[in-house]
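Working notes, structure below.
Throughout, a chain's letter reflects where its sequence line sits, starting with A, and its residues are numbered from 1.
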Amino acid sequence: MQNNLALYNSLSRKKEPFKPLHPPFVGLYVCGPTVYSDAHLGHARPAITFDLLYRYLMHLGYRVRYVRNVTDVGHLENDADEGEDKIQKKARLEHLEPMEVVQKYLNNFLKNMEKLNTLHPSIEPRASGHIIEQQEFIKSIIEKGYAYEVNGSVYFDVLKYSQKYPYGKLSGRVLEELQATVRDLEGQDEKRNLFDFALWKKAAPEHLMRWPSPWSDGFPGWHLECSVMSTKYLGNIFDIHGGGMDLQFPHHECEIAQSTAALGKESVRYWIHNNMITINGQKMARSLGNYITLDQLFNGEHPLLQQKYSPMTVRFFILQAHYRSTIDFSNEALQAAEKGLQKLLKATATLKNLRPSSESTVDIKNLQAKCYEAMDDDLNSPVLLSNLFEGVKYINSVNDSAEKLTAGDIELLGNVFRTFVFDILGLTDEGINAGDEKLTEGLMKIIIDLRQEAKNRKEWSTSDKIREDLKKAGIILRDVKDGVEWERE
RNA sequence: GGUCGGUUUACCGAGUGGCUAGGUAGUGGUCUGCAAAACCAUUUACGGCGGUUCGAAUCCGCCACCGACCUCCA
């Protein structure tokens, strides 16, 4: 199987041709959310970025197993022994069972991901469902000599690992520097070095989320689940691991160390990281409290929102920037995205009614090639969109008889738009359901015919009143060259 | 403080040595009973200073500013 796709690999800091290990199969693992509050705009970024990659790989003919984990255990508030599990903290605040919290916010996340038209991953494994596997992984690391047990907790021995393997290669860290900058938090006496990290933590008596283990009643460390679940479902070596740039260190660095220590070789061939969404130039994050949830975006209920924005507007907004650039949130930018999306979708509808000519005056094959080039160049969705807008111009020009297309080229153009707009970019027309539409079409025809009769009699006040009243009802009429167009506002 | 990245026209956002990215907003025009849409034309650029080059937004150096990571995080 052939492709021209190049992806930016964080490991090499270069774009590399994408060659899967076992074509036509591709293994894709992406770090999912920690489910302890409603999904926010920041969560939409990796979901849409890797949805784009997933869709494109499938379009190229690959059979992709897409695994995205759900973190429902284990992430501590801080690195101290007193650290309280994020999920447990929320559970106490809301008087819920920890797993009830997990379910609630997982539902919220998945509902919003569906609204954004991201495809479901092939597997969405949960950390709490893989405790035994994680313990087995720890045992293997201990056997290889890269972990040590202290008072029922198990830590990864970074110093020892770094003597054989290059710890820090992904994030560009140097151990000596880490030594100097690592924070000296309380309760770290058990570690041999400050940069060691927990594989298993003994649970304090009041800790609710706990499982029995050879070392203690406790819970797995922060980074372990991804090493375990990625290799369990994708094999010891797999193609792509994705996630947010903020996870590069320490999370992904620790993942590499764990997997390499346990398996004797590196698991991941291509590391892909999406950039952050910022607000007023600063990263949007739950811990900073400057986030807007997806629910709020969709219903407009947030002090910073001038209006509500539909899921497709949000999706288009994100796709308009390259995934490795930051995107700054603003009402202006979202409103521009909303209009741009409407223009694109309107043209796809117009496309269906184009009249063919005996010759073509624009080059559709070339347009198609440019669309593939954009996607092949590290998923350059903004350039793809700019090419598609060139197609929009063609469509409208042909509709206005300023340009011409043969029937074959119209079909090809339709193909290009269906493929890239709907299949690959995953945009949808957030219209209305089909049954209502049929009735509305009939009613609109009656109204438009009556108005035309008035116009024929030059009763402008009547025809204008019909148009104005329809506008109040949310329908826009337009008199065009050969008839009347209408659409919903 | 260390490591890494960024600074593009009114706003968003591509672009790595010479050729109009694109979207949104603005202006003028075509069309039109009017309006709208569409199309055509068009204005405001590459943080600062220096260097390399026939030629730099694009390469190099210095400076300024902003951000990410070094705690949990998408």
Side-chain angles (χ1 to χ4, degrees), chain A residues 13 30-34 36 39-50 71 75-80 83 86 109 168 171-174 176-178 180-183 185 195 222 242-251 253 273-278 281-288 291 316-317 320-322 324-341 343-344 346-347 350 370 374 377 380-390 392-393 395-403 455 458 460-461 463-464 467-468 471 476-481 485 487:
Chain A
R13 292 161 206 272
V30 176
C31 285
T34 307
Y36 67 93
H40 64 82
L41 182 56
H43 291 108
R45 188 91 195 260
I48 289 170
T49 297
F50 294 105
T71 300
H75 278 212
L76 293 174
E77 280 282 287
N78 56 49
D79 201 10
K86 271 197 161 132
F109 175 81
S171 55
R173 306 288 143 147
V174 182
E176 293 77 61
E177 283 165 6
L178 275 177
T181 59
V182 132
R183 290 194 190 183
L185 297 165
F195 43 64
W222 329 339
M245 268 183 191
D246 51 350
L247 298 178
Q248 217 167 46
F249 190 89
H251 184 57
E253 200 69 69
H273 291 95
N274 64 275
N275 215 320
M276 301 290 105
I277 289 180
T278 59
Q282 199 184 30
K283 176 184 162 186
M284 184 181 285
R286 284 184 286 205
S287 54
L288 295 169
Y291 63 96
F316 186 87
F317 170 68
Q320 249 189 332
H322 188 259
R324 284 191 288 115
S325 305
T326 54
I327 311 181
D328 197 53
F329 162 87
S330 74
N331 281 283
E332 231 181 335
L334 275 163
Q335 283 158 14
E338 186 176 54
K339 296 231 173 104
L341 172 64
K343 183 173 175 174
L344 182 66
K346 185 160 184 264
T350 305
K370 277 158 68 181
D377 184 15
N380 200 328
S381 55
V383 167
L384 170 58
L385 280 167
S386 107
N387 292 328
L388 288 170
F389 275 106
E390 196 171 333
V392 168
K393 202 165 160 180
I395 291 166
N396 288 323
S397 295
V398 171
N399 196 40
D400 285 0
S401 308
E403 301 281 0
K455 280 178 71 177
K458 293 201 192 301
W460 306 125
S461 63
S463 67
D464 287 356
R467 188 170 61 196
E468 281 156 24
K471 184 157 189 349
I476 296 168
L477 279 196
R478 263 180 235 115
D479 293 314
V480 292
K481 210 168 220 164
E485 278 181 359
E487 68 174 358

Report which part of the nucleic acid A:Q248 touches: base, sugar-phosphate, or nothing (heavy-atom distance under 4.0 Å, all strands). nothing
Distance to the ring centre below 6.0 angstrom and angle to the axis at most 45 degrees; does that hold for A:R286 and A:Y36? yes
Output yes when a side-chain donor or acceptor of A:R45 lies under 3.5 Å from a complementary backbone atom of A:M276, and no otherwise. yes
Answer yes or no: side-chain N or O of A:D328 and base N or O of B:C12 forming a donor-acceptor pair under 3.5 Å. no
Counting heavy atoms from C-beta on, name the nucleotide in B:A38, B:A36, B:A74 closest to the side chain of A:K343. B:A38
Would you indicate, yes or no, if B:G33 has its OP1 or OP2 atom less than 4.0 angstrom from a side-chain nitrogen or oxygen of A:K455? no
On a plain distance test, is the side chain of A:R467 in donor-acceptor contact with the base of B:C34 below 3.5 Å? yes
With centres under 5.5 Å and planes under 30°, do A:W460 and B:G33 count as stacked? yes
Under 4.0 Å between a side-chain N or O of A:T34 and OP1 or OP2 of B:A74? yes
Measuring only the C1' atom in each nucleotide, how far is B:C63 from B:G26? A whole number of Å is fine. 36 Å
Look at all strands and tell whether A:Q282 reaches a base, only sugar-phosphate, or nothing, counting heavy atoms closer than 4.0 Å. sugar-phosphate
Quick check for you: to the nearest 0.5 Å, what is the distance between A:S381 atom OG and A:Q320 atom CD? 9.0 Å
Take atom P in B:A57 and the same atom in B:U44, then report the distance between them in whole Å. 16 Å
Of the listed nucleotides (B:C70, B:A14, B:A74), which one gets closest to any side-chain atom of A:I277? B:A74
In whole angstrom, give me the gap between the C1' atoms of B:U20 and B:U9. 13 Å
Name the closest nucleotide to the A:D400 side chain, picking from B:C39, B:C34, B:C69. B:C39
Pick the closest RNA chain B nucleotide for A:A336 and for A:F317 by heavy atoms, then say which residue is nearer the 5' end. A:F317
A:K346 vs A:E487, salt bridge (charged side-chain N to carboxylate O under 4.0 Å, His left out): CA-CA, chis, key distance, verdict: CA-CA 10 Å; A:K346 185 160 184 264; A:E487 68 174 358; 5.2 Å; no
Distance, P atom - from B:C4 to B:U43, rounded to whole angstrom: 41 Å
Nearest-Å distance once atom P is located in both B:A45 and B:U52: 27 Å
Is there a side-chain polar atom (N or O) of A:N396 under 4.0 Å from OP1 or OP2 of B:C39? yes
Hey, which of these two, A:D464 or A:R324, hits RNA chain B nearer its 5' end, going by closest nucleotide? A:R324
Between B:A74, B:A68, B:A14, which one does the side chain of A:N380 approach most closely? B:A14
Quick one: is A:K339 getting a side-chain N or O under 4.0 Å of the B:G23 phosphate, OP1 or OP2? no
Whole-Å gap separating C1' (B:A38) and CD (A:E485): 9 Å
Below 4.0 Å: OP1/OP2 of B:G6 and any side-chain N or O of A:T326: no
Among B:C12, B:A36, B:A21, which is the nearest nucleotide to the side chain of A:A333? B:C12
With both distances kept under 3.5 Å, what pairs with B:U44, Watson-Crick or G-U wobble? none
Between B:A68, B:C11, B:C4, spot the one nearest the side chain of A:K283, thanks. B:A68
Do any side-chain nitrogens or oxygens of A:K393 fall under 4.0 Å of OP1 or OP2 in B:C40? yes
Side chain of A:P382 only, heavy atoms from C-beta on: which candidate in B:A14, B:C69, B:G22 is closest? B:A14
Pick base, sugar-phosphate or nothing for A:L388, based on heavy-atom distances below 4.0 Å to the nucleic acid. nothing
Given B:G33, B:A74, B:A37, the nucleotide with the shortest approach to the side chain of A:K346: B:A37
Testing B:A74, B:A14, B:A37 for proximity to the side chain of A:M284, the answer is B:A74
